[in-house]
Amino acid sequence: MGVPPRTVSRLQGGLGCIWHHWKKPERRRKNLIRLGIEQGQAYAWSRSRMGGWANAQSPILGTTITVERLRKRAYIPLLELYNQLKPNTVLFSMT
């Protein structure tokens with residue numbers, strides 16, 4: 001039994017992990033500025049009280065940390081990895 005690609009694409013929002021790594025608002029602000037966000041917007045976004053998952057789905061990380069940037073850093077998108085590793089046959093049937 002495999003994992004549906006829809007579920008894998010939902011998990012693609014692992015950008016929340018990056019947000020949690022930055023931990024403090026000042027570190028988030030500095031990193032957002034490094035990623036090209038203007039200072040006022042970076043300040044407002046860094047003080048967001050949304051959690052990591054909500055931030056990953058919002059323009060905060062969606063516009064700054066793109067799949068192309070992650071690939072440059074040798075990260076493999078989860079959906080791509082799933083498509084490479086998924087078995088062609090069903091190992092267990094649900095019947």
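Being a predicted model, the structure only gives us computed values, none of them experimental.
- Judged as a side-chain contact (heavy atoms from CB on, under 4.5 Å), and not counting sequence neighbours, the contacts of R29 are E26, I33, A42, Y43, S46, R47.
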*Show your working on side-chain contact (heavy atoms from CB on, under 4.5 Å) between N31 and R28 and close with a plain yes or no.*
CA-CA 5 Å; N31 285 329; R28 291 175 182 162; 6.0 Å; no
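- Put simply, CD on Q41 and CD on Q39 are 12.5 Å apart, with the number rounded to the nearest 0.5 Å.
- For the atom pair CD1 of I60 and CG of L35, the computed distance is 12.5 Å after rounding to the nearest 0.5 Å.
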